[in-house]
Every structure is written in structure tokens, then in C-alpha cells.
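Notes for the one structure printed next.
Note that the numbering runs from 1 along the sequence shown for the chain.
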Amino acid sequence: VAIASSSVHTRSNKDLIFQDNNHKEADTLLIYQAFLASQRSPPDAQLVFFSPDTDVLVLVIANYDLMLKNTSISMASGVIWIEPIWRAIGAERARALPAFHALTGADNTGRFSRIGKATWLQVYMKADTDVISSLQMLSTEAEVTETMLDSLASFVCAAYSPKGIYIKTISELRWHLFCKYMAESDKLPPTIGALRQHVLRVHIQARVWGQATIALQDPQLDPLQNGY
């Protein structure tokens, strides 16, 4: 048993030597220790996480290909086995899942008005490779490019568009919804300027989560230069 606390300390009931790390979040520290445990354990061993936090579930799914195959997480709703979920969404979508979670509403990144996780998941499973690639790059790249922003804007448009409407730019969709439905401001997607700032904030969190299996993470991006 290895315990990672909110103070980012690790304890165990076994005499284990924990490698030095600079993790600031207990969530990523859990993943890092699980990654190390998977490397030193036999392939048929079982790995169990105990956490009520959706963030941890997302990170476990995203990094499942680096962990023991018999991996599960015990949450308030019960025990969830990771392999069926990982296979259902596929390796690429699993890898992009932390950035998707941060973009669509995590604890510290904000949420979109009137669009819940169920809707976002439906759109996510239909998203094209450009969107999935852009989400992955939020976790790996040092900067948000205009190409990434355009892809993520089209993803947001897909969530807000009425059935049968295929508009991929924020400004056009906002105008369409206002003219055709007289939609109030809280029913419209954010402006491209507001979305840009949101994506920059998401980038900070996604970069931290994207380095969950690395002992010494890169310094956190400057919040004052990234949407805050």
C-alpha cells in the first residue's frame, strides 16, 4: 500500500525507497508511484487505486498502457476496472482524456455554460483526429498554437450546435444561434477571445497532468501569461 497525500508526501506499509520527485499534486504523485510499482511487479499482479476523485480516474485511464493490466480504482460508486474503458475509447482518446477533462470542466479550470459532461463525452467520441491531436498537445507542447485553437474551437462548436447544424467557427455559430433562435448570452458558446483564455488556463493543468509519470516535472507555466 502506497499513500500519496495532499501535502505531496508518500508513505507505504512496506520498506520501499521512493525516488526523488518534484510533484506538486497528490493526483499525479499517485500515478507516478503506480507507474513505478508496475515496473517492479510481476505482470499478473493487481494494482488498485483508492480515490473518490474523478481527476484520478481520468489520469489512470490516460496512463493505463504504462500500468499493470489488472488495474482498478475503488471510488464511492464502487470498483471500476480500467481495461474495458481504455479499450472502449481507444489509446489515442485515452491519451487525450486529461486535457479533455480539463477543457470541459475540472475542479480548477471552469466549465462551459449549459453543456454537461454527458454531452461533451458524446461529442468527444465523434471528434476527428485533429481535435484529439490538439487535446494531446495541450499536455505535451510548451505553447498553444493557432492551429490547436482552431481545432478546439470546432470541438466547442460541435457541442453547442443544434442537431443537423455543422458550423466550425465560433463567430459564425454565435451569430447563427442568435439570429435563428434569439439565444440568450448564457446559451451561446464563448467568444473566441474568451475561449483562447480558457484554453491557456487548461494548458497549465494539462501540462502538469501530462507529466504524471515523470519524476522531475518541468516548471509550471506562468499563470499570468496563460489566461489568469
Side-chain angles (χ1 to χ4, degrees), residues 1-12 21 23-39 41 45-112 115-127 131-132 134-140 152 155 159 198 201-214 217:
V1 177
I3 301 173
S5 68
S6 57
S7 58
V8 202
H9 293 300
T10 307
R11 301 178 181 86
S12 176
N21 66 83
H23 286 236
K24 303 298 184 184
E25 294 189 8
D27 294 351
T28 61
L29 188 56
L30 269 176
I31 302 302
Y32 174 62
Q33 297 298 349
F35 168 65
L36 295 181
S38 297
Q39 290 184 319
S41 300
Q46 186 174 347
L47 180 63
V48 183
F49 291 83
F50 293 87
S51 176
D53 195 343
T54 303
D55 295 353
V56 175
L57 173 62
V58 167
L59 292 177
V60 174
I61 295 171
N63 293 280
Y64 173 70
D65 56 337
L66 302 175
M67 297 181 185
L68 295 168
K69 300 312 171 189
N70 293 324
T71 295
S72 62
I73 180 170
S74 179
M75 306 185 74
S77 59
V79 176
I80 300 173
W81 289 92
I82 303 302
E83 183 176 24
I85 301 173
W86 188 84
R87 293 197 178 281
I89 67 176
E92 295 303 315
R93 279 183 170 78
R95 197 168 295 117
L97 198 60
F100 162 78
H101 179 49
L103 180 72
T104 59
D107 291 342
N108 59 348
T109 56
R111 290 168 170 79
F112 288 84
I115 306 293
K117 282 289 187 181
T119 299
W120 281 118
L121 281 170
Q122 292 177 2
V123 176
Y124 185 59
M125 294 307 295
K126 297 177 182 178
V131 170
I132 301 303
S134 294
L135 287 168
Q136 290 176 354
M137 287 191 286
L138 285 178
S139 295
T140 60
L152 296 174
F155 180 57
H198 177 64
R201 293 189 292 270
V202 167
H203 188 213
I204 295 176
Q205 184 62 67
R207 284 273 292 173
V208 174
W209 284 344
Q211 301 177 78
T213 60
I214 299 173
Q217 298 181 330

Within the distance-only criterion (no hydrogens, no angle test), does the side chain of Gln211 pair as donor or acceptor with the backbone N or O of Arg207 below 3.5 angstrom? yes

Atom pair CD (Gln46) and OG (Ser72), whose distance is rounded to the nearest 0.5 Å: 5.0 Å

Let me see the working for Trp120 and Phe155 under ring pair (Phe, Tyr, Trp, His ring centres under 6.0 Å), right down to the final yes or no. CA-CA 9 Å; Trp120 281 118; Phe155 180 57; 5.3 Å; yes

Could you walk me through whether Glu25 and Gln217 pass side-chain hydrogen bond (donor to acceptor under 3.5 Å, both in side chains), step by step? CA-CA 11 Å; Glu25 294 189 8; Gln217 298 181 330; over 6 Å; no

Output yes when a side-chain donor or acceptor of Arg111 lies under 3.5 Å from a complementary backbone atom of Lys117, and no otherwise. no

Parallel, tilted or perpendicular: which describes the rings of Phe112 and His198, with under 30° parallel and over 60° perpendicular? perpendicular

May I ask you to test the Ile214-Tyr32 pair for a side-chain heavy-atom distance under 4.5 Å? no

Quick one: does Lys24's side chain get under 4.5 Å of Val208's, heavy atoms only? no

To the nearest 0.5 Å, tell me how far Asp53 CG sits from Leu59 CG. 8.5 Å

Are side-chain heavy atoms of Leu152 and Val202 found at a separation under 4.5 Å? no

Validation row: Met67, Ser38 side chains within 4.5 angstrom (heavy atoms): yes

Quick check for you: to the nearest 0.5 Å, what is the distance between Ser41 atom OG and Leu47 atom CG? 7.5 Å

What one should report as the nearest heavy-atom pair of Asp55 and Ala106 is OD1-CB, 4.4 Å

Between Thr109 (side chain) and Ala102 (backbone), is there a donor-acceptor pair under 3.5 Å? yes

Going through the checks in order, is the side chain to side chain contact (heavy atoms under 4.5 Å, CB included) test met by Met75 and Phe50? CA-CA 6 Å; Met75 306 185 74; Phe50 293 87; over 6 Å; no

Rounded to the nearest 0.5 Å, what separates atom CZ in Phe35 from atom CG in Leu68? 11.5 Å

Any side-chain heavy atom of Leu29 sitting closer than 4.5 Å to one from Asn21? yes

Sidechain-backbone polar pair: Glu83 side chain, Thr71 backbone, donor-acceptor under 3.5 Å: no

Under 4.5 Å between any side-chain heavy atoms of Leu103 and Leu135, yes or no? yes

Start with the C-alpha gap between Ile89 and Ile61, add the side-chain angles, then the distance that decides, and say whether side chain to side chain contact (heavy atoms under 4.5 Å, CB included) holds. CA-CA 10 Å; Ile89 67 176; Ile61 295 171; 3.9 Å; yes

State, with a plain yes or no, whether a side-chain heavy atom of Phe100 is found less than 4.5 Å away from one of Arg93. no

Evaluate the side chain to side chain contact (heavy atoms under 4.5 Å, CB included) criterion for residues Ile31 and Trp209: first the C-alpha distance (whole Å), next the side-chain angles of each, then the deciding distance (0.1 Å), finally the verdict. CA-CA 10 Å; Ile31 302 302; Trp209 284 344; over 6 Å; no

In this structure, CG of Asn70 is separated from CD1 of Ile82 (nearest 0.5 Å) by 12.0 Å

Is any side-chain heavy atom of Ile132 less than 4.5 Å from a side-chain heavy atom of Tyr124? yes

